[in-house]
Number of protein chains: 2
Amino acid sequence: MTSIKDIAAKAKVSIGTVDRVLHDRGRVSDETRNRVQRIVRELGYRPNIHARNLSLKKVYRFAVIMPRLSQDSEYWKFPANGIDKACRELEMYKVSATYFLFDRYSNASFGRAFREALGSNPDGLLIAPVLSRIAEELIPTIPQGLPYVFFDSSIPGTDCLTFIGQDPFQSGLLASSLLQSITGGEGNVAVIKVMPDDFHLRERIRGFLTGVEGGKTMTAKLFEVDSHGGEPAFADVVGRIVKELVPLKGIFVSNAWTHSVARSMQALSAANGVTVIGYDLVPKNLHYLEQGLIGFLISQCPSTQGYEGIYSLYEHVVLREKVKQTIMVPIDILTKNNVKYYRG
Amino acid sequence: MTSIKDIAAKAKVSIGTVDRVLHDRGRVSDETRNRVQRIVRELGYRPNIHARNLSLKKVYRFAVIMPRLSQDSEYWKFPANGIDKACRELEMYKVSATYFLFDRYSNASFGRAFREALGSNPDGLLIAPVLSRIAEELIPTIPQGLPYVFFDSSIPGTDCLTFIGQDPFQSGLLASSLLQSITGGEGNVAVIKVMPDDFHLRERIRGFLTGVEGGKTMTAKLFEVDSHGGEPAFADVVGRIVKELVPLKGIFVSNAWTHSVARSMQALSAANGVTVIGYDLVPKNLHYLEQGLIGFLISQCPSTQGYEGIYSLYEHVVLREKVKQTIMVPIDILTKNNVKYYRG
DNA sequence: TGCATTTGCGTGTGCGTTAACGCATCTTTG
DNA sequence: CAAAGATGCGTTAACGCACACGCAAATGCA
C-alpha cells in the first residue's frame, strides 16, 4: 500500500503538494504536477479510504427518483429494499439516499419529483425512468458533472453512468421456451399486454412472440387490457381468452399484474391444464404461485437493481473508481418449489 | 456517533482506561470498569471502523479448506471466485484468504489440508466438508474460539459460526416438478446417482423421488454409476437406460456430471424428446445446455457461497457483529435462454 | 525602485482508535 | 524497612488523508 507520503518522498516534494495535485486545487507548477502525476500512476496509488473518511466531513447524498412504492402491485418496494440495504452498508462512508417518488402514470408527477430531487442538490441520481417520454425531456436538464444511474429501464442516447436492468426480449424468449416445453410445442397460448405499456413491456412481448414463431406449431394470440380497469378488466379479458382459445394451454402476462389473471382463471374454474407465466415476485403473485395457479414467475432481481444502483454511484462518487456501464441482472425463474429462497 | 472520547469524558477517565475496558486487558478497578461499561452501553458506542483500521496493524487471515479447483468438473472454481471477490472487497480491511485444497476422494488428503490450515494459525476457517466422515472426526480438534464456517455441505452437531448452502431435498423436488410439467406427469424417467455419493446428493435424489411419488403416473427408476469409471461408465449406464425405459421422457442427474450423460445421449442419438436435468454451471454443462442436450441446470450459486462465507467470518472476527446461523442460497433454474446472465 | 499580489510549496492540526510507555500509589517480600 | 513488584490510570505517538495556514520567492504594476 503506497501512501501519499511515499509519493511525496519519491517526487521530492511535501505531502501538501501531492495533495494539491491529487485534488487539483492549483498552486503547483506544471513541472511538479507532471512529475507527481507520473509517480502516482507508476505506484498505482489509491487513497486509503479509512484515512480519507476519518478526515472528511463531507456526506454524500444520493437522490432516488422512482415510482411510489405501492404502485405496480407493490413492486417498487423491492428496489427500495435493495437501496436501503446498500445505504445501511455504506452508512459508515457517510452515504445516504433520499427518495423522490412519483405517480407512475403522471408525467407531471415525474416532473415534480425530478425537480425536487435536483433542488436538493444531491451528489448523484438514481432514476427509474419508466415514463420514458418525460424522462427523455428532463434528463438533459441534469447539471453537467452530476452523475446519474438508470435502473429498471433506460433512456437511449443519454450518457448515464450505469444502467442496471434485465434484457426484456430475452426474458420473453425464455417464457415462450418454458411454455413450449410444457405444451410440447403445440396448442393455443394467450399473450396479455397490460396497458399502458412501455418499451420494456413491448420487448418482453416481442421476445415471447419471436420464440413462438421459431417453435413448432404453438399459436399465440395477443390480448390487451387496461390496468386502470382493475380486476374487472382482467376478468373480462380472461373470459374472452377462455372462450376464444380452445384448448388453451398457457397465458403469458407481460408484467406484475399476473395475479389478476390467475384470480380470474380461478374464478372461471378454467385454470386446469393452463400454465400461467408472468413477472415479478410481488406479494399477490407469490400467493397464486404457491397455490399453483401461476406456473412460473420471471423475476428481475429488483432489490439487486436498487442495491447495485447505489453502489455504482458510491464507487464513482466516493471511491472515484471506474464503474461498469451496464449491469444485466439474471432472469430468475421462480416456481412454487424454489420461491422461498428468493427475497426479491 | 459517539467516540471513545465522549465515553472517557462522561466517565471522567482517560481514553486509555476506556480502551482497556473495551479490550478487556485488565489494570482497571472494578468500579471504574463498571462505570465505563455502563456508559458504553448507554451511549450505544460502536468503534469507528476507519479509525480502527488506520491504527491497527493486525491482518486477518482466513484459511479455506475445500476440494481442488479442478475436481467435480471444475465446480470448485466458482466458490473460489466468490472467495477471491470478497477478499478483493475486504482488502482494505486487511482480510486475506489462503487456500488449503484437498483431493475430494481422499480422507488422508483432507486430513493433511486440515492440519496445514490449522498450522498456519488463521483467524478463521471456511470449510467445504464434502468428506463428512473424516470432517466429523477432525472438526472437534479445532481450537476453542477459532470460528469456522461451513459451505456447500454441513456437519450436524458442530457449533459452526455459519452454514451456507442449498436445500438439496427441495432442489430435487423442484427438478421432479419441472420434469412433470414437461412430461405432463406421465412416462418413464431415469434417476442417475453418481457414486461416490454424499449426504447432499442422496437428499437431492430423495427429493426427486418424493416429488415423483406425489405426482401422477410418472415412474422413476434409479441407476448408479461410478464416476471413477469416467465417460465409459456413463455411456454404459445411459445405454442401459435407453434400452430399459421406453419411452424415456427424462433423466435426472444428481450432480455436475450431467454433461457426460448428455454426451452419451447424443452419441446414442437418443436425445430427442428426452429432457435432461442436472446440476451446476460448469463449463462442460454450459456447452450442452446451449446445445439443447441439457434441458435445465440447477445452480447452487457457488460463488455466492464462497463470497458469503468470507463475509460471515469478516463480520464476526473483524466487526465483532452477530452473524446469521444459516444462509440458504436460491435454487436457480438455468436454461439456454437465461444462462448467459449467470456467472456461477 | 517600492509595494502588492500571485505562485509554489511546506507545516501543522484534526479525525478516532490502538497500544506502548510511564508515573504515581499501593502491596508484597526478603 | 527498603527493594521489588503489582495496580490503576494518564499520556502520547502512530495510522493516512484533507485542508487551512503561512512563508518565501517570483511577478505585476505604478
Side-chain angles (χ1 to χ4, degrees), chain A residues 1-40 43-60 91-95 123 314 317-321, chain B residues 1-40 43-60 90-95 123 317-321:
Chain A
M1 274 284 115
T2 78
S3 82
I4 197 171
K5 245 190 217 164
D6 305 326
I7 311 247
K10 207 149 225 157
K12 294 198 210 310
V13 290
S14 76
I15 59 166
T17 305
V18 177
D19 178 69
R20 250 161 276 147
V21 171
L22 288 174
H23 294 82
D24 210 19
R25 36 180 152 218
R27 303 279 209 115
V28 184
S29 69
D30 285 358
E31 194 197 321
T32 309
R33 184 200 319 285
N34 289 332
R35 183 154 37 96
V36 170
Q37 281 175 336
R38 183 170 49 75
I39 292 171
V40 164
L43 269 59
Y45 166 79
R46 288 189 40 198
N48 181 313
I49 185 141
H50 304 298
R52 154 174 290 169
N53 264 52
L54 210 51
S55 69
L56 220 53
K57 291 127 193 349
K58 169 147 190 64
V59 299
Y60 298 95
E91 191 190 354
M92 49 180 67
Y93 298 108
K94 303 186 176 68
V95 166
D123 300 293
Y314 161 71
V317 175
V318 182
L319 301 184
R320 288 159 200 175
E321 285 175 357
Chain B
M1 276 283 115
T2 79
S3 83
I4 198 171
K5 250 189 210 163
D6 305 326
I7 311 243
K10 208 148 224 158
K12 294 199 208 313
V13 291
S14 77
I15 59 167
T17 305
V18 177
D19 180 66
R20 266 179 299 259
V21 171
L22 289 173
H23 294 81
D24 208 19
R25 47 186 129 131
R27 304 275 222 126
V28 184
S29 69
D30 284 358
E31 192 199 320
T32 308
R33 184 198 318 285
N34 289 334
R35 183 156 35 98
V36 170
Q37 281 174 337
R38 182 173 48 76
I39 292 171
V40 164
L43 270 59
Y45 166 79
R46 287 192 42 197
N48 181 313
I49 189 157
H50 305 299
R52 151 174 290 169
N53 260 279
L54 208 52
S55 75
L56 219 54
K57 290 130 196 348
K58 169 144 190 68
V59 299
Y60 298 95
L90 297 175
E91 193 191 352
M92 46 180 65
Y93 298 108
K94 303 186 176 69
V95 167
D123 302 292
V317 175
V318 182
L319 301 185
R320 290 160 200 171
E321 286 175 356

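The figures here come from the full heavy-atom set of this structure, side chains too, leaving out hydrogens, waters and symmetry mates. Each chain gets a letter, A, B and so on, in the order its sequence line appears, and its residues count up from 1.
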**Asked** Under 4.0 Å: is that the gap between some side-chain N or O of A:Thr32 and OP1 or OP2 of C:dC9?
**Response** yes
**Prompt:** Does the A:Lys5 side chain pair with the main chain of A:Ile15, one donor and one acceptor, at a distance under 3.5 Å?
**Reply:** no
**Item:** A:Asp30 CG to C:dT6 P, straight-line distance once rounded to whole Å
**Value:** 19 Å
**Phosphate OP1/OP2 of D:dG16: any A:Ser3 side-chain N/O under 4.0 Å** = no
**Message:** For B:Ser3, is there any backbone N or O sitting under 3.5 Å from a side-chain donor or acceptor partner on B:Asp6?
**Reply:** yes
**Request:** Would you kindly give the CD1-to-P distance between B:Ile4 and C:dA19, to the nearest whole Å?
**Result:** 11 Å
**Request:** Check the distance between C:dC15's C1' and B:Leu54's CG and give it to me in whole angstrom.
**Result:** 9 Å
**Asked** Rounded to the nearest 0.5 Å, how far apart are CG of B:Leu22 and OG1 of B:Thr17?
**Response** 10.5 Å
**Message:** What residues from residues 43-53 of chain A pass a heavy-atom cutoff of under 4.0 Å to DNA chain D?
**Reply:** A:Tyr45, A:Pro47, A:Asn48, A:Ala51, A:Arg52
**Asked** Picking from A:Val28, A:Ile7, A:Thr32, what satisfies side-chain contact (heavy atoms from CB on, under 4.5 Å) with A:Val18?
**Response** A:Ile7
**Prompt:** Is there a side chain to side chain contact (heavy atoms under 4.5 Å, CB included) between A:Asp19 and A:Arg25 once you walk through the steps?
**Reply:** CA-CA 9 Å; A:Asp19 178 69; A:Arg25 36 180 152 218; 2.8 Å; yes
**Fill in**
Closest of D:dC15, D:dC9, D:dC17 to the B:Val28 side chain is D:dC9
**Request:** Using only side-chain N and O atoms of B:Thr17, determine if any of them is under 4.0 Å from OP1 or OP2 of D:dG8.
**Result:** no
**Complete:** side chain to side chain contact (heavy atoms under 4.5 Å, CB included) filter on B:Ala11, not counting sequence neighbours, yields B:Val13, B:Arg35, B:Val36, B:Ile39
**Message:** With a 3.5 Å distance limit and no angle check, can you tell me whether A:Arg33 reaches the backbone of A:Val21 through a side-chain donor-acceptor pair?
**Reply:** no
Dump the pairs, protein N or O against N or O of nucleotides 19-23 of chain D, anything under 3.5 Å, distances to one decimal.
from	atom 1	to	atom 2	distance (Å)
D:dC19	OP2	A:Arg25	NH1	3.2
D:dC19	OP2	A:Arg25	NH2	3.3

**Request:** Whole angstrom is fine here: how far is it from CZ in A:Arg33 over to C1' in C:dC9?
**Result:** 13 Å
**Donor-acceptor contact below 3.5 Å, side chain B:His50 vs main chain A:Met92** = yes
**Under-4.0 Å salt bridge between A:Arg46 and B:Glu91** = no
